[in-house]
Structures are given as structure tokens and as C-alpha cells.
There are 2 protein chains.
Amino acid sequence: MHDVAAHAGVSRGTVSRALNGTGYVSAEARARIEAAIAEVGYVRNNAARNLVMRKTWAIGFVVHEPHQLFLEDPNIGGILLGTNAVVAEADHQLVVLVVDSDDDAARVSSYLRGGFVDGAVLVSARSHDQVADAVEQIGLPAAFVGHPEGRPSIPYVGIDNRSAARALTTRLVETGRRRIGMLASALDRDSGADRLAGFTEALGDRFDERLVVADPLYSYRAGVDTMTELLRREPALDGVFAASDAVAAGAIEALRTAGRTVPGDVGVVGFDDSAWALRCNPPLSTVHQPAAEMGRAAATLVLEQLAGRTPSSVTLPTDVVWRASA
Amino acid sequence: MHDVAAHAGVSRGTVSRALNGTGYVSAEARARIEAAIAEVGYVRNNAARNLVMRKTWAIGFVVHEPHQLFLEDPNIGGILLGTNAVVAEADHQLVVLVVDSDDDAARVSSYLRGGFVDGAVLVSARSHDQVADAVEQIGLPAAFVGHPEGRPSIPYVGIDNRSAARALTTRLVETGRRRIGMLASALDRDSGADRLAGFTEALGDRFDERLVVADPLYSYRAGVDTMTELLRREPALDGVFAASDAVAAGAIEALRTAGRTVPGDVGVVGFDDSAWALRCNPPLSTVHQPAAEMGRAAATLVLEQLAGRTPSSVTLPTDVVWRASA
DNA sequence: TTGTAGGCGTTATCAC
DNA sequence: GTGATAACGCCTACAA
């Protein structure tokens with residue numbers, strides 16, 4: 001900047017003002033400065049800028065367990081894109097940080113507390129989470145996508161997994177299915193636990209805990225395995241609620257292997273309305289997740305905090321999408 | 001840091017040395033400093049640190065067109081994870097930047113040139129690319145995953161799409177197929193163009209350009225559409241090379257709709273060995289992409305540059321994976 | 001409208 | 001071993 005000032009025959013202060021469009025600077029000076037910038041090949045040093053301004057214009061997007069997410073859950077892409085759109089609109093830069101190991105969690109935490117970002121969106125965090133701890137401790141403006149328990153200080157945007165699961169299960173019952181099982185997943189997460197709760201509620205007296213088979217992951221593989229087990233426990237099954245579309249896809253595969261037809265012998269419903277849903281044969285009846293909107297809402301939540309406000313959490317509506325699998 | 005020094009009764013210089021494990025500092029002083037840090041709740045300011053050290057310990061991962069990539073191409077996840085692993089190993093922080101619009105491209109470019117990262121991995125860039133321009137112009141250590149033409153100054157890690165396509169096509173011919181068509185994609189990218197070239201070479205005299213139908217995208221939808229068109233042009237077709245697994249999945253769907261069996265009536269091969277490959281019915285014969293390894297190689301390429309070396313581009317081997325679709 | 005100068009929080013180079 | 005002190009590159013009163 002010193003060089004630019006010299007070339008343009010003005011002071012560093014004037015260059016700074018010209019660059020930031022702040023304060024007064026004559027047209028003539030501005031022109032000379034622009035010429036000088038091109039000539040010198042000047043690019044602003046943001047470390048210095050951030051240092052004095054105490055602001056980075058960057059917002060973090062922390063995604064846990066990318067193995068599972070990127071490979072199995074297309075919703076993450078929609079959330080990311082939604083967040084990016086809003087953040088970009090506000091002239092900030094979104095930087096996504098992947099946590100793929102305990103070391104990563106530590107490094108990302110220190111990245112966050114190191115002042116590299118002004119705020120953060122946390123996706124798929126668990127209750128006991130090093131990153132969330134760090135965010136809470138330093139008071140970084142943040143928002144969850146999903147709803148980890150025990151973090152009242154950080155607002156979230158979620159869907160009502162429980163009533164969505166209830167609605168979907170009820171619908172399944174209404175089609176006449178009598179022996180309905182559930183392939184549960186991620187019961188240590190609110191999403192997984194709430195889906196099971198909704199399922200249980202909808203079934204009421206007909207609920208049979210023997211017909212719930214759980215797996216830690218929302219994966220296709222989990223669907224194959226848990227469906228096989230469920231069939232072993234109850235060969236006369238005629239309905240299945242899978243905790244996610246990926247799980248449902250695996251379940252359909254297992255059912256086919258076992259010689260059952262879908263939806264003829266057994267009706268299957270999934271959850272998420274992800275790319276899996278239409279790709280399955282038959283296409284899945286499922287719950288639509290408004291992924292992009294969730295991303296947008298989360299971004300808005302942190303932007304609001306940056307503006308000094310204290311927004312409260314958001315629960316977005318979901319729709320049951322009924323297709324051919326049940 | 002000033003406060004920490006005061007609480008510990010030492011100078012700022014000593015605190016800095018203690019924090020960075022550089023130079024000498026007595027055990028006693030170290031203990032007092034650690035106590036002071038806890039007491040004051042000190043966290044290092046990286047803007048200041050970066051300013052003086054001219055280094056951020058961060059590396060960018062730029063992904064273009066996330067719509068298409070995250071939603072359709074699971075390989076991107078593997079690349080990301082591979083890159084992340086190597087970068088983390090080297091004690092750097094990976095920050096992924098998504099380019100989802102022209103505005104994004106501009107913003108990401110200025111982020112890169114703003115000194116927020118020490119290097120960058122560029123995924124799925126095109127030849128004429130604002131981000132690559134910026135990287136090249138400021139001489140930021142970088143590497144491509146894939147091989148955009150006309151960027152000799154930036155090393156890349158790629159696979160030999162051409163010979164992979166040739167091998168796969170040859171294999172298809174060996175199964176006895178006589179009327180083989182291709183569903184080409186992304187011909188403006190090296191990957192797309194090379195796959196077509198390999199296909200053409202393998203067929204030699206039997207190549208018939210009428211049997212090549214192209215679409216800009218490597219998508220399921222493109223597969224459905226181009227397959228339908230191809231069938232219209234040549235109802236007697238008995239083999240299809242799809243430019244990607246997603247395209248192949250769409251093609252199988254279209255074939256089924258048209259009353260053809262796979263692999264009975266027509267043999268179908270894909271490319272990528274993505275999640276689609278096993279999810280299809282029947283599972284796809286395809287080319288395996290070593291995604292994680294590509295990510296690792298790309299990271300290594302930029303780390304090497306950071307170490308002052310000048311590594312050259314890498315081409316990774318691929319394998320034909322033969323399954324049931326042909 | 002422009003120049004001057006202090007300070008942002010660290011690291012690094014010296015003497016001591 | 002430790003403590004001054006000078007950068008690092010920029011923004012921003014304040015004075016001119």
C-alpha cells in the first residue's frame with residue numbers, strides 16, 4: 001500500500017479511503033490510485049485488515065462425519081448451498097470445515113476460536129461436541145442445523161422429526177398395514193430418537209418393541225442388515241418405517257432378496273426425500289426435508305447475531321410425499 | 001497476551017516463546033504462564049500471527065458447481081476426505097470454498113488472493129476459470145484435480161480417461177456386442193472429451209458417430225434423455241458406454257422403460273465406480289476412480305510447493321470393474 | 001479533501 | 001533464560 005501511495009503521489013491514508021470507499025477522496029486521486037494499483041499489482045493483505053478491524057467477513061460451515069454425510073446424505077448438499085447463498089448475499093465468504101477425526105475436531109475448534117471466522121453454522125453436531133463447546137465458550141455467533149440437546153445458548157433450525165414420523169406412520173397404518181416394524185438409526189441423535197418417538201406414538205397400542213431394529217448409521221448397508229434382522233424376527237411383517245431413505249433403499253433390497261415384493265407384500269416408507277427416494281424401485285413414500293431452506297435459515301440465524309440481535313430457533317414444516325413404495 | 005504476561009510476571013516475548021515452544025523458557029515461567037492463560041481466558045489472535053508470519057496454515061479446497069457435484073458425484077466426497085487427511089496430517093486446516101455462481105467465483109478469487117490460505121486444491125475447474133486465473137496470477141501454490149487445458153503452470157492429478165475408456169470399451173466389445181453407442185457428457189471438459197476419444201479409438205472401424213449422443217451434464221437425467229434419443233436412432237443397439245455411472249443409471253432406466261433388458265438385450269457400462277454403480281440393478285460394470293487417492297495426491301502437490309519444491313503432475317491408474325450390467 | 005500518526009496482537013532479533 | 005523493541009500492513013481519528 002505504501003508503494004501504491006508513492007506511485008500515485010498520495011498518502012497511505014488516502015489509498016485506504018479510496019480502497020474502502022469510505023470518507024472523501026477526489027476523483028483525480030482515485031484515478032491515480034487505481035492506475036498505481038494496477039501498475040504495482042497490489043493486493044490487500046487481509047491479515048492486517050482483519051487485525052485492525054476485528055472482522056473477517058468469513059463464516060464457517062462445520063460438517064461432522066463427512067464420510068456418512070457426503071456419501072449417503074444428499075441433503076447436506078442442499079443445506080450447504082442454501083447457507084452459501086445467504087452468506088454470499090451478505091457479502092461474506094463461507095468456508096466449510098470438515099471434521100473427520102478427533103484431531104480434526106481439535107483443529108477445527110482452534111480454527112474457530114482463532115478468529116478466522118465471524119460466525120459458524122454447525123451441521124450434524126452431537127450433544128457432546130468439542131466444536132460446539134469451543135463455539136459456546138468463546139461466544140462465537142453460531143447456529144445448528146438439527147437440534148442437539150443441552151445447548152440452549154446456540155439457536156438451531158430443525159424440523160419436527162417427531163410429528164413428521166408420526167404423520168408418516170399414521171399414513172402407513174391407514175393403508176391397511178398391521179404388522180409394522182421400524183428400522184431405527186442414530187438413536188443418539190435427536191433426529192433418530194425423535195423419529196422413533198413419533199413412530200411409537202403413532203402406533204399406540206400396536207407398538208411392539210420387538211419390531212424395532214436399530215443401527216448407528218443412516219446408511220444403505222444399515223438398511224440391508226436391519227431389514228434382514230427384522231424379517232427374521234417377524235416373517236409376517238407387512239410394513240416398514242425406515243429412518244432414512246438410504247435405509248429404506250437398503251431395506252427394499254433386503255426384502256427383494258428375501259422374496260418379498262414392495263409394496264405388494266410389504267409397504268416401505270423412508271425419510272428425507274433425498275436423491276434415493278426417486279432412484280429406488282419403486283420410488284419411496286417419504287418425508288420431504290427442506291434442505292436448502294434449512295441452510296438459509298441457519299445462515300440467517302448467524303447473520304442476525306452478527307447484527308447484534310438475538311434470534312430464536314426455527315422449526316421448519318415438512319411434507320409427507322406419498323409415492324409407490326407403500 | 002499482554003495480560004497473560006502481566007499475570008505471570010514475565011514479558012510478552014516470553015509468553016510468545018512458551019506458546020510456540022520455540023526458544024528457551026524455564027519450567028517455572030512456563031507453569032506461571034499456563035496458569036495465567038487459564039485465568040485470563042487467553043486465546044491467540046491469528047490475524048496478528050498471520051500478519052507477522054506471512055502464513056495462515058490454511059489450504060483452500062475450491063469446488064465448482066456443487067449442485068452437480070455434491071448431488072450427483074459421490075467421488076467429490078472421497079477427494080475431499082483424501083485431501084483433508086493429508087492436509088490435516090501436515091497440521092494445516094482445510095477450508096472448502098464452494099463456487100455456485102459468478103459472484104461466488106469473484107468472491108472466492110479475492111478470498112484466495114487475500115492471503116487467507118497458503119495454497120489451494122482446485123476441483124472440477126474448467127479451462128476458462130476466474131479462480132484459476134487468480135491463483136495463477138498471484139502464484140498461489142495450487143493443484144488441480146482433473147486436467148484443465150492450458151494451465152501448464154499449475155500441476156494436476158488426473159486419471160487417464162482415454163485409456164480407461166478404451167479398456168472398458170474393448171472389454172464391452174469382447175462380450176460380443178456389435179452395435180455399441182455412447183452417451184457422452186461434458187465434452188467441454190478434458191474428462192468428457194477423453195472418454196469419447198478412448199471410446200472412438202477402441203471401436204476403430206466400427207465407430208459410428210451417429211451412435212454418440214451428448215449432454216453437457218454427467219447426470220441421471222442426462223442418461224435417461226440421451227438413452228432415449230440413442231434408442232430412437234438405433235433400435236437394434238446392443239451395447240452402451242455411458243460417460244458416468246449416473247448417466248448409466250439413467251440409461252438403464254430408459255432401457256427398461258423401452259422394454260429392453262439389461263444385460264440381456266443391451267450391455268451397459270458406466271464410469272467412476274461411484275455409489276451409483278452398486279445401487280443400480282443390475283450393478284454396473286465401470287471404471288474405478290481412486291477418489292481418495294486423487295485427493296491425497298493433490299494435497300501432496302500443494303504441500304510440496306509449500307516446501308519450496310516444484311512437483312510435477314500425477315496420473316493415477318484406474319481399474320475396470322466388471323459387474324453384471326454388461 | 002488530504003496527510004499524520006497511533007495502534008491492532010504477534011513474532012523475532014537483539015542485547016542483557 | 002529473559003526483556004525490550006522493531007516490524008508486519010492496514011484503518012482511522014485527528015489535524016491541517
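Just so it is clear: chains get the letters A, B, ... in the order the sequence lines come, proteins before strands, and each one is counted from 1.
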request  = Take A/N20 and A/R49 through the test side-chain hydrogen bond (donor to acceptor under 3.5 Å, both in side chains) and record every step on the way to the result.
outcome  = CA-CA 11 Å; A/N20 296 298; A/R49 182 168 215 254; 2.6 Å; yes
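- Side chain of A/S11, nearest nucleotide from C/dT4, D/dG3, C/dT11: C/dT4.
- Among the atoms of the strands shown, base atoms are found under 4.0 Å from some heavy atom of A/R12.
- Going from atom CZ of A/R32 over to atom P of C/dG3 covers 9 Å, rounded to whole Å.
- One can place CE of B/M53 at 7 Å from P of C/dT11, the figure rounded to the nearest angstrom.
- At whole-Å resolution of the value, CH2 in B/W57 and P in C/dT11 are 12 Å apart.
- Nearer to the 5' terminus of DNA chain D, by closest-nucleotide assignment, is the contact made by B/Y24 (compared with the other of B/R54 and B/Y24).
- For the pair B/N46 CG and D/dC8 C1', the computed distance is 15 Å after rounding to whole Å.
- Checked against C/dG9, C/dT2, D/dC11, the side chain of B/L51 finds its nearest nucleotide in C/dG9.
- Rotation axes derived from the C1' atoms of the five outermost pairs at either end of the helix from C/dT1-D/dA16 to C/dC16-D/dG1 lie 40° apart, to the nearest 10°.
- Ionic pairing of A/D133 and A/R151 is present here: one or more N-O contacts between side-chain nitrogen and carboxylate oxygen are shorter than 4.0 angstrom.
- Taking atom NE2 on B/H2 and atom P on C/dT10, their separation rounds to 12 Å, with Å as the unit.
- Contact annotation for A/S26: backbone-only contact, meaning every heavy-atom pair under 4.0 Å involves sugar-phosphate atoms and none involves a base.
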Can you pull every protein N or O that's under 3.5 Å from an N or O on nucleotides 13-16 of chain C?
none

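- Atom CZ in B/R49 sits roughly 10 Å away from atom P in C/dT10 (whole-Å rounding).
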inquiry  = Between B/T56 and B/D118, is the side-chain hydrogen bond (donor to acceptor under 3.5 Å, both in side chains) condition met? List the steps.
reply    = CA-CA 6 Å; B/T56 63; B/D118 297 337; 3.0 Å; yes
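- At a threshold of 4.0 angstrom between heavy atoms, the contacts of A/A29 are confined to the sugar-phosphate backbone, with no base atom among them.
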request  = Could you please spell out the steps behind the salt bridge (charged side-chain N to carboxylate O under 4.0 Å, His left out) verdict for A/E28 and A/R32?
outcome  = CA-CA 6 Å; A/E28 188 207 357; A/R32 287 215 310 277; 2.9 Å; yes
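- Judged purely by atom type and a 3.5 angstrom limit, B/T14 has no side-chain atom pairing as donor or acceptor with the backbone of B/V10.
- Nucleic acid contact for B/N20: sugar-phosphate only, since backbone atoms but no base atoms lie under 4.0 Å from a heavy atom of the residue.
- Side-chain proximity of A/V10 to C/dT10, C/dG3, D/dC10: nearest is C/dG3.
- Counting only heavy atoms from C-beta on, B/T14 has its side chain closest to D/dT2 among C/dG9, D/dC10, D/dT2.
- Remark: the backbone N or O of B/D100 is paired with a side-chain donor or acceptor of B/D104 at under 3.5 angstrom.
- Between B/Y156 and B/H147, the ring planes are parallel. Angles under 30° get that label, and only those over 60° would be called perpendicular.
- Within the 4.5 Å cutoff, the side chain of A/R296 has no heavy atoms near those of the A/I79 side chain.
- Between B/I33 atom CD1 and D/dT2 atom C1' the separation is 10 Å, expressed in whole Å.
- B/N161 and B/S191 share no donor-acceptor pair across their side chains, judged by distance under 3.5 Å alone.
- If you check every strand for non-hydrogen atoms under 4.0 Å, A/N50 touches nothing.
- Here the side chain of B/Q93 pairs no donor or acceptor atom with the backbone of B/W57 at under 3.5 angstrom.
- In this structure, B/V43 reaches the sugar-phosphate backbone alone: every heavy-atom distance under 4.0 Å involves primed, P, OP1 or OP2 atoms, never a base.
- A straight line from CE of B/M1 to C1' of C/dG7 spans 16 Å, rounded to a whole angstrom.
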